[in-house]
Amino acid sequence: AWWLATGVIGCLGVLTHYRFLFLQLPLGLAFLLYPALRAHLARPGPWIALGLTLLGLVPSLLFNLGNDFEAVGFHFSRRHPWAFHSEGLNYPLQQAAAVSPVLYGFMIGALVFSMRKALRGDPLHAMLSSVSLFYMLGLSLLAPWVDQTSTTIHWAWFGYVPMLVVLPEVLAALWARGRWWRGIVAGGLALAAFFVAASLALMLASLHVDSLPPWLQARVSVKMVGWDALREEVARHYRPGEHLYSTEYYVAAQLRQAPFLDSDITVLDQEKIHRDGRARQLYLWGVSEQFAPTDGSSGLVVLDYETANRNEIYRQIDALCRRFERIETLDEFSWFGGRRHYGLYRGSGARGQQDYAEQPVSPLCLPPLRGRVDSMRLFDKPQGGTLPFRGYLLAQPEGIAWVKVRMGGREIAGRYGVRRGDVRRVLGPLISDPQYPMVGFEGEIDTTQFANGSYPVEFIGVTHWGREEVFKRLQLDVAN
């Protein structure tokens with residue numbers, strides 16, 4: 001019965017991720033090396049468990065056979081550079097930060113304890129330590145040669161589960177050594193419990209971000225929330241049959257599930273689709289990476305301002321401007337202190353390939369404002385009730401008329417026209433602002449006009465043509 005249960009769990013694991021399949025390698029090695037375990041191979045139990053585990057590969061195998069082994073090729077070949085990268089040497093430090101240094105130390109201690117037991121012939125510890133050693137040490141050694149752009153920090157966590165089984169035995173042995181060791185064990189357990197509880201609290205808080213105060217919203221993950229609100233905003237502007245575009249593939253995947261959508265979606269950032277191995281998956285979901293509309297048609301565009309860096313956004317906007325005759329700004333909205341920030345646009349008059357060189361006259365297609373806030377940083381504390389700010393801002397071809405700061409529903413005007421000859425060292429030949437070098441700004445925020453709390457702060461530039469654009473967002477804690 002236990003072998004049958006092991007096979008069912010293995011089958012479910014392999015159905016979840018290819019990584020679960022590698023569990024068979026250290027276990028198989030332990031069974032071959034230890035006579036007490038090798039004796040089980042003469043019985044049907046282990047083979048039944050292995051057969052059930054491999055049965056979980058059938059759906060994946062059928063998918064790969066029907067899709068040119070796209071998934072296997074990405075996970076085991078294309079995503080990895082298979083060349084040395086020194087940043088991979090930090091993998092053990094990343095593991096310690098992820099599970100907390102105290103708990104990571106306990107895991108290493110438990111692994112050493114279990115390996116000693118295994119070397120003395122203990123079959124149970126042979127299985128446990130072989131699995132942990134394979135994932136904890138093996139992946140750390142492999143890290144400098146594998147994917148450095150995607151999330152890999154969770155790969156080694158398979159190795160921690162067996163050590164959680166061993167840990168009580170380790171702690172009991174340390175506890176029996178005397179008073180000082182008891183203090184170390186008690187203190188370590190308290191710290192580990194604190195880290196685990198804090199991590200769980202942040203995870204649970206991220207599921208209810210709307211109900212959190214602004215200062216806490218800025219400190220928890222918001223990647224998994226806000227999709228219903230985004231779908232509602234898009235539904236307000238969507239026209240039946242209209243093609244939809246998104247800058248991010250996971251935004252497109254979420255919108256693909258919306259009941260109002262009756263057409264396909266195109267993702268503009270093609271490089272990220274292939275980097276993350278999502279091209280075939282999105283294609284099967286009706287999400288394309290090709291610019292789809294025929295000449296003269298329109299499309300609704302969703303730009304994700306927060307997840308892509310500004311250069312990527314500029315590149316995607318430029319691509320849109322070359323594909324539509326007119327681009328209309330529909331709406332811009334954000335949640336969670338600006339950490340989820342989107343813009344909705346409608347492009348009309350889709351051009352053919354031969355017309356791409358001519359750009360439309362649209363505020364969206366003008367070169368973006370380029371600026372920096374020098375002296376004000378995230379969570380700066382005001383001194384004496386005022387918080388000074390300064391920086392520079394450029395706009396081509398029209399130039400900046402003035403700069404303002406929006407905070408807590410109020411707008412604070414800054415003084416524009418301060419000499420900033422140093423900007424050329426930063427931007428060099430990119431400078432074409434007609435007002436250069438008088439492109440600096442300065443001002444101050446009187447925090448006594450605001451109640452204590454956390455406020456999103458937006459720095460806004462207004463050009464001589466009336467174009468208004470947010471070029472910097474910060475979060476400010478006021479404690480007068």
Peer 1: D446 side chain to T448 main-chain N or O, any donor-acceptor pair under 3.5 Å?
Peer 2: yes
Peer 1: Kindly write out the residues that satisfy salt bridge (Lys or Arg N to Asp or Glu O under 4.0 Å) with E468, not counting sequence neighbours, or none if the list is empty.
Peer 2: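 K404, R406.
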Peer 1: Determine yes or no for a side-chain-to-main-chain donor-acceptor pair under 3.5 angstrom, with Y238 supplying the side chain and L244 the backbone.
Peer 2: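 Absent.
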Peer 1: Report the residues that fulfil salt bridge (Lys or Arg N to Asp or Glu O under 4.0 Å) with E233, sequence neighbours left out, ordered by chain and then residue number.
Peer 2: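 Partners of E233 under the salt bridge (Lys or Arg N to Asp or Glu O under 4.0 Å) test: R236.
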Peer 1: Sequence neighbours left out, what passes side chain to side chain contact (heavy atoms under 4.5 Å, CB included) with P59? Give chain and number order.
Peer 2: L15
Peer 1: Restricting to side chain to side chain contact (heavy atoms under 4.5 Å, CB included), what partner residues turn up for W157, sequence neighbours left out?
Peer 2: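 For W157, the residues satisfying side chain to side chain contact (heavy atoms under 4.5 Å, CB included) (neighbours in sequence not counted) are Q95, A98, V99, H154, Y160.
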Peer 1: Grab the two heavy atoms, one from S140 and one from P144, that are nearest each other, plus how far apart they are.
Peer 2: O-CD, 3.7 Å
Peer 1: Go through the structure and list residues passing salt bridge (Lys or Arg N to Asp or Glu O under 4.0 Å) with R239, not counting sequence neighbours.
Peer 2: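 Expected list: none.
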Peer 1: Hey, could you give me each pair passing salt bridge (charged side-chain N to carboxylate O under 4.0 Å, His left out) that has a residue in residues 102-111? Not counting sequence neighbours.
Peer 2: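 Residue pairs passing salt bridge (charged side-chain N to carboxylate O under 4.0 Å, His left out), neighbours aside: none found.
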Peer 1: Using the test ring pair (Phe, Tyr, Trp, His ring centres under 6.0 Å), find all partners of F158 that sit at least two apart in sequence or belong to another chain.
Peer 2: F20, Y135
Peer 1: Extract all donor-acceptor atom pairs below 3.5 Å that involve side chains of residues 80-90 and protein atoms in other chains or at least two apart in sequence.
Peer 2:
unit_1 : atom_1 : unit_2 : atom_2 : d
H80    : ND1    : D147   : N      : 3.0
H80    : NE2    : H75    : O      : 2.9

Peer 1: For A71, check side chain to side chain contact (heavy atoms under 4.5 Å, CB included) against everything at least two apart and list the hits.
Peer 2: Y18, F63, N64
Peer 1: Of all residues at least two apart in sequence or in a different chain, which pass the side chain to side chain contact (heavy atoms under 4.5 Å, CB included) check with L111?
Peer 2: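 Side chain to side chain contact (heavy atoms under 4.5 Å, CB included) check on L111 returns M115, S129, S132, L133, M136, M163.
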Peer 1: Would you give the length of the straight line joining atom OG1 of T266 to atom NE2 of H243, rounded to the nearest 0.5 angstrom?
Peer 2: 3.0 Å
Peer 1: Within the distance-only criterion (no hydrogens, no angle test), does the side chain of R231 pair as donor or acceptor with the backbone N or O of Q254 below 3.5 angstrom?
Peer 2: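 Present.
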Peer 1: Who passes ring pair (Phe, Tyr, Trp, His ring centres under 6.0 Å) against F74, sequence neighbours left out?
Peer 2: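 If we apply the ring pair (Phe, Tyr, Trp, His ring centres under 6.0 Å) test to F74, skipping adjacent residues, there are no hits.
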Peer 1: List the residues meeting salt bridge (Lys or Arg N to Asp or Glu O under 4.0 Å) with R420, not counting sequence neighbours, and say none if there are none.
Peer 2: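 Result, salt bridge (Lys or Arg N to Asp or Glu O under 4.0 Å) vs R420: D374, D422.
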Peer 1: What pair of heavy atoms forms the shortest contact from L282 to A253, and how long is it?
Peer 2: CD2-CB, 4.3 Å
